[in-house]
Amino acid sequence: MFKRILLAIDGAAQSPRIIATAGELARCNGAQVHVVCAVDRAFTMPRQDALEYPPAEQEQHQAQALVDEAVVQLQPCVASGAVVAGDPARAILREAEKLGCDLIVIGHRHLGRIERLLDPSVGQRVIERAPCPVLVEVRE
């Protein structure tokens with residue numbers, strides 16, 4: 001049923017469960033997993049510039065470490081791993097379309113009414129605009 005799964009991670013507490021879920025789906029369906037971690041464009045800089053702005057270097061390093069760890073855990077089902085730049089929801093959707101994914105696996109954080117007004121959920125925006133089904137892993 002699913003052949004290309006996009007796994008969007010961000011290092012949240014539910015990330016290990018999301019990774020495990022994507023891996024199980026991949027194994028059951030003979031699918032490949034593409035792992036992405038979206039980093040705000042303000043923190044994505046060429047290597048030489050990032051050295052002059054330590055928060056950017058740290059953000060990129062942490063994102064790459066998350067992707068690398070997920071790639072190791074998902075062997076042999078993983079097809080690629082990447083840190084992508086931009087608004088997280090848009091970056092995730094762009095990657096899903098570019099890679100021709102037929103499922104997106106993503107986490108969800110619970111926001112209160114005011115928080116949703118001030119900072120809409122990435123998961124909600126992905127669900128609303130996704131070109132394919134979205135599996136949302138909810139934190140317990």
Side-chain angles (χ1 to χ4, degrees):
M1 178 176 202
F2 300 117
K3 295 299 173 200
R4 288 188 194 103
I5 299 170
L6 183 78
L7 170 61
I9 57 173
D10 65 0
Q14 77 262 36
S15 288
R17 282 194 9 223
I18 297 167
I19 294 167
T21 298
E24 186 174 332
L25 283 168
R27 284 186 285 282
C28 290
N29 289 283
Q32 292 186 323
V33 180
H34 299 272
V35 181
V36 298
C37 181
V39 175
D40 188 284
R41 202 170 293 286
F43 290 95
T44 55
M45 306 174 144
R47 181 81 178 133
Q48 65 274 13
D49 292 341
L51 293 174
E52 294 174 19
Y53 185 52
E57 181 181 22
Q58 182 179 2
E59 183 83 10
Q60 290 180 68
H61 177 73
Q62 288 174 342
Q64 190 62 57
L66 288 170
V67 169
D68 293 346
E69 184 178 322
V71 165
V72 167
Q73 290 176 29
L74 290 166
Q75 291 297 337
C77 303
V78 71
S80 68
V83 175
V84 294
D87 169 75
R90 286 185 181 144
I92 291 164
L93 293 167
R94 183 178 59 242
E95 287 298 303
E97 286 185 33
K98 180 177 96 177
L99 297 167
C101 292
D102 44 22
L103 177 69
I104 298 171
V105 179
I106 191 169
H108 176 70
R109 43 186 187 125
H110 295 281
L111 301 175
R113 249 181 273 175
I114 303 244
E115 291 172 308
R116 281 193 306 269
L117 287 173
L118 298 174
D119 183 23
S121 162
V122 171
Q124 183 63 40
R125 290 187 293 149
V126 169
I127 290 167
E128 290 170 355
R129 298 179 180 109
C132 60
V134 178
L135 177 95
V136 180
E137 181 80 34
V138 180
R139 182 182 72 211
E140 287 184 350

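No experiment lies behind these values; they were computed from the predicted model shown.
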**OP:** Would you please name every residue forming a side-chain contact (heavy atoms from CB on, under 4.5 Å) with Leu66, sequence neighbours left out?
**Re:** Ile9, Cys37
Validation: residues 90-98 side-chain donor-acceptor distances under 3.5 Å, sequence neighbours left out:
residue, atom, partner, partner atom, Å
Arg94, NH2, Ala85, O, 2.8
Glu95, OE2, Lys98, NZ, 3.3

Subject >> Residue pair Gln60 / Gln64, side-chain donor-acceptor N/O under 3.5 Å >> reply: no
Original post:
What is the distance from atom CG of Leu7 to atom CD1 of Ile106, rounded to the nearest 0.5 Å?
Top reply: 9.5 Å
Subject >> Heavy-atom closest pair, residues Val39 and Ala63 >> reply: CG2-CB, 3.5 Å
Subject >> Any residue meeting side-chain contact (heavy atoms from CB on, under 4.5 Å) with Glu128, in chain and number order, not counting sequence neighbours >> reply: Gln124
**OP:** Kindly write out the residues that satisfy side-chain contact (heavy atoms from CB on, under 4.5 Å) with Leu135, not counting sequence neighbours, or none if the list is empty.
**Re:** Thr21, Leu25, Leu103, Val105
Original post:
Can you name the salt bridge (charged side-chain N to carboxylate O under 4.0 Å, His left out) partners of Asp87, sequence neighbours left out?
Top reply: Arg125
**OP:** Please identify each residue that fulfils side chain to side chain donor-acceptor pair (under 3.5 Å) with Ser15, with sequence neighbours left out.
**Re:** none
Original post:
So, do Leu6 and Val36 sit near enough that their side-chain heavy atoms are less than 4.5 Å apart?
Top reply: yes
Original post:
Do side-chain atoms of Asp102 reach the backbone of Phe2 as a donor and acceptor pair under 3.5 angstrom?
Top reply: no
**OP:** Determine whether Ile5 and Cys101 make a side-chain contact, defined as any pair of heavy atoms from C-beta on separated by less than 4.5 Å.
**Re:** no
**OP:** Would you mind listing every side-chain hydrogen bond (donor to acceptor under 3.5 Å, both in side chains) that reaches into residues 25-34, with sequence neighbours excluded?
**Re:** His34-Ser80
Subject >> Partners passing side chain to side chain donor-acceptor pair (under 3.5 Å) against Gln62 (at least two apart in sequence or in another chain) >> reply: none
Subject >> Rounded distance (nearest 0.5 Å) linking atom CD of Glu137 with atom CD1 of Ile18 >> reply: 6.0 Å
**OP:** List the atom of Cys77, the atom of Ala26, and the distance in Å for their closest heavy-atom pair.
**Re:** CB-CB, 3.8 Å
